[in-house]
Amino acid sequence: MAENIIIAHRGESYDAPENTLAAINLAWKRKVQAVEIDVQLTNDNEIVVIHDKDTLRISGKKKIIRKSSLKELKLLNAGFHKDEKWQGEHIPCLREVLATVPPNCKLIIEIKSDESILPQLANELAQTNLSTTQLELIAFNETTLAKAKQLMPEYRMLWLIGLDYKLSWWLAWINKRRIISKVKKLKLDGVNVWAGKLLTSSFISKFKGAGLYLYAWTVNDPEKARSLINEGIDGLSTDRAYWMTEQLKKY
């Protein structure tokens, strides 16, 4: 079941501005197998590719995504935070990103909005020429993800779980059996978890033994990546997907 795919986290975000066409196309140019992006709904029912709820960090100007139109957001400079050479980059809409995906490559879409995004998301995915195996959905909100699965059962969907991302590993408590039961009840395909200290070999074997897919985020250390792959992880996201792939070839 293991695929061992290396996923470009928000595109090749170490070298280019995250979630922009520049970062996404750079990943494809470098023959990266999969790209992960974040999507949100605007006030005019358009789906844009951006992580934060507002645009301040990436553009220097604050526009709340849910209260802004696509036209307003397109005027912003999404390369602001990275380097002068990226000053012409803009916030892409999902349709633009879908058009970039090469054959045999995969786009993983993280839903950042609530369930109100789902009808438009289903509509845009249905209009692409991509196969159902080229698209996956992930989200932290399991209710939204479960409703997405009901609406679009043809796509693989993984529940994002923070584990010890915000808490020290010894403060975080997790009932693996309960999570597995919930994932199966919601008819999801697996989980995508933070690659912290709680992501142990026993954690991996528990979920793999339950027949679930297991991805990890965000892994920028080649030793950590190699260890997770050896233990059976199906995919891992990294800010340096091409570099990571080259590093792993050395082992």
Asks: When clusters are formed by joining ILVMFWY residues with side-chain heavy atoms under 4.5 Å apart, either directly or through shared neighbours, do L236 and V191 land in the same one?
Replies: yes

Asks: Taking C-beta and beyond as the side chain, do F80 and P17 meet within less than 4.5 Å on heavy atoms?
Replies: no

Asks: Where do S116 and P119 come nearest, in terms of heavy atoms and distance?
Replies: O-CD, 3.6 Å

Asks: Got a salt bridge between K149 and D189, using NZ or NE/NH1/NH2 to carboxylate O under 4.0 Å?
Replies: yes

Asks: Side-chain contact, heavy-atom cut-off 4.5 Å: L130 with L98?
Replies: yes

Asks: Find out whether L41 and R66 are in side-chain contact, i.e. whether some heavy atom of one side chain is under 4.5 Å from a heavy atom of the other.
Replies: yes

Asks: If only atom types and distance count, is the side chain of H9 paired as donor or acceptor with the main-chain N or O of T238 below 3.5 Å?
Replies: no

Asks: What are the two closest non-hydrogen atoms of A27 and V35, and how far apart are they?
Replies: CB-CG2, 3.6 Å

Asks: Can you see whether H51 engages R10 through a side-chain donor-acceptor pair at a distance of less than 3.5 angstrom?
Replies: yes

Asks: Strictly below 4.0 Å, N to O, side chains only: are D54 and K61 in salt-bridge contact?
Replies: no

Asks: Are L107 and V39 connected, step by step, through hydrophobic side chains (Ile, Leu, Val, Met, Phe, Trp, Tyr) whose heavy atoms are closer than 4.5 Å?
Replies: yes

Asks: Please report the interatomic distance CG(L70) to CD1(I91), rounded to the nearest 0.5 Å.
Replies: 9.0 Å

Asks: What's the spacing between K62 NZ and D52 CG if we round to 0.5 Å?
Replies: 10.5 Å

Asks: Would you check if the side chain of H90 reaches a backbone N or O of L76 as a donor-acceptor pair within less than 3.5 Å?
Replies: yes

Asks: Which residue pairs pass the salt bridge (charged side-chain N to carboxylate O under 4.0 Å, His left out) test with at least one member in residues 78-103, sequence neighbours excluded?
Replies: E46-R95, K74-E96, R95-E124

Asks: Do I138 and L145 touch side chain to side chain, with heavy atoms closer than 4.5 Å?
Replies: no

Asks: Test side-chain contact (heavy atoms from CB on, under 4.5 Å) on Q40 and K53 and set out the steps.
Replies: CA-CA 8 Å; Q40 297 187 55; K53 294 296 182 184; 3.5 Å; yes

Asks: Looking at every non-hydrogen atom in both residues, tell me the closest pair between G232 and I204 and how far apart they are.
Replies: C-CG2, 4.3 Å

Asks: Are V219 and I229 linked, directly or through other ILVMFWY residues, by side chains that come within less than 4.5 angstrom of each other?
Replies: yes

Asks: For a 4.5 angstrom cut-off between non-hydrogen side-chain atoms, does T218 reach D239?
Replies: yes

Asks: Would you sort out whether L163 and F203 count as a side-chain contact (heavy atoms from CB on, under 4.5 Å), showing the intermediate values?
Replies: CA-CA 11 Å; L163 297 184; F203 183 101; 4.1 Å; yes

Asks: Under a single-linkage definition using a 4.5 Å side-chain heavy-atom cutoff for Ile, Leu, Val, Met, Phe, Trp and Tyr, are L21 and L73 assigned to the same hydrophobic cluster?
Replies: no

Asks: Between W194 and I161, is a side-chain contact (heavy atoms from CB on, under 4.5 Å) present by the stated rule, with each step listed?
Replies: CA-CA 7 Å; W194 166 245; I161 303 175; over 6 Å; no

Asks: Grab the two heavy atoms, one from E12 and one from A241, that are nearest each other, plus how far apart they are.
Replies: OE1-N, 2.9 Å

Asks: Can you tell me if N123 has over 12 outside heavy atoms packed within less than 6.0 Å of its CG?
Replies: yes

Asks: So how far is it from I108 CD1 to N192 CG, rounded to the nearest 0.5 Å?
Replies: 7.5 Å

Asks: Could you check if a side-chain atom of D114 sits within less than 4.5 angstrom of a side-chain atom of N141, using non-hydrogen atoms only?
Replies: no

Asks: What do the steps show when you test R30 against D15 for salt bridge (Lys or Arg N to Asp or Glu O under 4.0 Å), and what is the final call?
Replies: CA-CA 12 Å; R30 290 175 171 178; D15 295 319; 2.7 Å; yes

Asks: Between M244 and N220, what is the shortest heavy-atom contact and its length?
Replies: CE-C, 3.5 Å

Asks: Are L26 and I50 connected in a single hydrophobic cluster, I mean Ile/Leu/Val/Met/Phe/Trp/Tyr linked by side-chain heavy atoms less than 4.5 Å apart?
Replies: no

Asks: What's the spacing between I58 CD1 and H81 NE2 if we round to 0.5 Å?
Replies: 6.5 Å

Asks: Does N175, at its CG atom, have more than 12 non-hydrogen atoms belonging to other residues, nucleotides or ligands within less than 6.0 Å?
Replies: yes

Asks: Between D164 and K197, does any NZ, NE, NH1 or NH2 come within less than 4.0 Å of an OD or OE carboxylate oxygen?
Replies: no

Asks: With a cut-off of 6.0 Å (strictly less than), are more than 12 heavy atoms of other residues, nucleotides or ligands near CZ of F207?
Replies: yes

Asks: Measure the CZ-CG distance between R226 and L228 for me, rounded to the nearest 0.5 Å.
Replies: 11.5 Å

Asks: Hey, does the side chain of K106 reach the backbone of E36 with a donor-acceptor pair shorter than 3.5 angstrom?
Replies: no

Asks: Hey, would you say the Y165 and W217 ring centroids sit under 6.0 Å apart?
Replies: yes

Asks: Hey, are K71 and D44 close enough for a salt bridge, meaning a charged N less than 4.0 Å from a carboxylate O?
Replies: no

Asks: On a heavy-atom basis, which atom in G196 and which in K224 lie closest, and how many Å separate them?
Replies: O-NZ, 3.6 Å

Asks: Can you tell me which residue pairs pass the salt bridge (charged side-chain N to carboxylate O under 4.0 Å, His left out) test with a partner in residues 165-185, sequence neighbours excluded?
Replies: E142-K182

Asks: With a 4.5 Å cut-off on side-chain heavy atoms, are V183 and W159 touching?
Replies: yes

Asks: Measuring from atom CD1 of I179 to atom CG of L188, what distance do you get when rounded to the nearest 0.5 angstrom?
Replies: 12.0 Å

Asks: Carefully, step by step, assess L94 and I109 under the rule side-chain contact (heavy atoms from CB on, under 4.5 Å).
Replies: CA-CA 9 Å; L94 177 60; I109 302 169; 4.2 Å; yes

Asks: Could you tell me whether K63 and E72 have a side-chain N and a carboxylate O separated by less than 4.0 Å?
Replies: yes

Asks: Give a yes or no on whether the backbone of L214 and the side-chain of D234 come within a donor-acceptor separation of less than 3.5 Å.
Replies: yes

Asks: Do we see a donor-acceptor contact under 3.5 Å between the side chains of D38 and N19?
Replies: yes

Asks: Could you verify whether a donor N or O on one side chain and an acceptor N or O on the other, from E136 and Y215, lie under 3.5 Å apart?
Replies: yes

Asks: So, T20 versus W86: side-chain donor-acceptor pair below 3.5 Å or not?
Replies: no

Asks: Side chains of S205 and K208: does their closest heavy-atom pair fall under 4.5 Å?
Replies: no

